[in-house]
Amino acid sequence: MTGTLDAGTGTADAPKARDTFATLLAEHWDQAFRFACHLTGNTSEAEDLLQEAAEEAFRAFHRFQPGTRFDRWLMRILHNSFLDHVRRDRRRKLFSLDEVTESVLAADRSGQPEVAAERPLDGPVLRALRALPPEFRAAVVLVDIEGLPYEDVAQILHCPIGTIRSRLHRGRLALREWLRPHMEALKRGDLS
Amino acid sequence: VSTHPFDELSAYVDGALSPEAATGVAVHLAECAHCRAVVDDLLAVRTLVRSLPRPSPHPAVLPRTLSRLEVRRAGAAVIRRRWIAVISTVVTAAAIGLLLQVPVSPTPAADRASSATYFQSHAELTLTHPMTDVTLASYLSSPLPYDSLEEPSGVR
């Protein structure tokens, strides 16, 4: 990644910048897709979101500073796009953690096989994760699934590290409530 | 038992606390069964979430996205070239106009000065002599002294 990255200016370096962008995008594509999946809750919306974020990132690529983490930058753009959608889409009503708890527990009791799961626990865990309000879910996904340090998560979600810590903790506590029956099985060593 | 370090337990589990804070939590955990249970649960939750299957994108999505960038880029370049053409035409025309001293404002300075004087005196008159409807009507029906505004070829 040397040379100027002026994707938006249309100078002679533009094809080079485009290649650089394509390489970086391909490198972090899968991770960004996983994040998009957990944000949107399904793969087709995730693909749309990721595509939109990639276009947005490409338009802004001249502002990307070489030497900084491209994946964090892309994920931040992705998350911003997602928040735009959430704000625009009034059908997607947002619930508080407490409001969600009851509906999740009810759905779990009814035992509907709503998610195609590979292992017995994936269904309930995915359902619980998806029931988390987006800001909590994003923190849990980035820390627990992607294994990112809190600092990076704070950067991606654009909020103070203390907020990340608190969202992560409250998100995990909510999951604990919802998954309590399954956690007992896990601790007994039935799974894992 | 000291106060529960409730908010710090997740960060403790992740090893994200400062060494001092982590020691503080560890000391508390040694004497608090309740917080130990919470830590156990947090670890279990983390294990469950971590072990979720990792979805992969359909292999066609990345190439499709990249080719769309190509199209957008080409489209943007065309629009940009058009704008550059428009702007350069305007700039060239202005430069030629400057060189040839084409008068942009058609009103001669003397005329503008006299009409300004007329409007000023008119404004002063109407301020100092407020008109009734009748005088206003007769004033408006009489020929107005707009000579100074007239074009040379104007018809009265």
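Each chain gets a letter, A, B and so on, in the order its sequence line appears, and its residues count up from 1.
- The distance from atom CG of B:Leu66 to atom CZ of A:Phe58, rounded to the nearest 0.5 Å, is 9.0 Å.
- Side-chain atoms of A:Arg165 and B:Ser10, non-hydrogen and from C-beta on, never get closer than 4.5 Å to each other.
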Exercise for review: Apply side-chain contact (heavy atoms from CB on, under 4.5 Å) to B:Val38 and A:Arg176, showing your working.
Suggested key: CA-CA 9 Å; B:Val38 174; A:Arg176 173 180 74 150; 3.8 Å; yes
Exercise for review: Evaluate the criterion salt bridge (Lys or Arg N to Asp or Glu O under 4.0 Å) for residue pair B:Arg54 and A:Asp30; output intermediate values, then yes/no.
Suggested key: CA-CA 9 Å; B:Arg54 307 188 137 230; A:Asp30 286 11; over 6 Å; no
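- Hydrophobic clustering (side-chain heavy atoms under 4.5 Å, transitive across Ile, Leu, Val, Met, Phe, Trp, Tyr) groups A:Leu24 together with A:Met75.
- For the pair A:Val125 and B:Val45, the minimum side-chain heavy-atom distance is 4.5 Å or more.
- To the nearest 0.5 Å, the span separating CZ on A:Arg172 from CZ on B:Arg46 amounts to 6.0 Å.
- Counting heavy atoms from C-beta outward, B:Val49 and A:Val141 have side chains that stay 4.5 Å or more apart.
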Exercise for review: Could you walk me through whether B:Val61 and A:Phe33 pass side-chain contact (heavy atoms from CB on, under 4.5 Å), step by step?
Suggested key: CA-CA 10 Å; B:Val61 182; A:Phe33 176 76; over 6 Å; no
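- In this structure, CG in A:Leu129 is found 6.5 Å from CG in B:Leu52, a value given to the nearest 0.5 Å.
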Practice item. Applying side-chain contact (heavy atoms from CB on, under 4.5 Å), run through A:Met183 and B:Asp40 and close with a yes or a no. Key: CA-CA 10 Å; A:Met183 279 169 34; B:Asp40 269 4; over 6 Å; no
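- Using a distance-only test at 3.5 Å, with no hydrogens or angles considered, a donor-acceptor pair links the side chain of A:His169 to the main chain of B:Phe6.
- With a 4.5 angstrom heavy-atom cutoff, A:Val143 touches chain B only via side-chain atoms.
- Salt-bridge annotation for A:Arg180 and B:Asp41: present, with a side-chain N of the basic residue lying under 4.0 Å from a carboxylate O of the acidic one.
- Looking at A:Ile145, the atoms closer than 4.5 Å to chain B (heavy atoms on both sides) sit in the backbone and in the side chain alike.
- A pairwise comparison of heavy atoms in B:Thr65 and A:Gln51 identifies OG1-OE1, 3.3 Å as the closest pair.
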Review point. Can A:Leu175 and B:Leu48 be said to form a side-chain contact (heavy atoms from CB on, under 4.5 Å), step by step?
Key: CA-CA 10 Å; A:Leu175 293 177; B:Leu48 287 175; over 6 Å; no
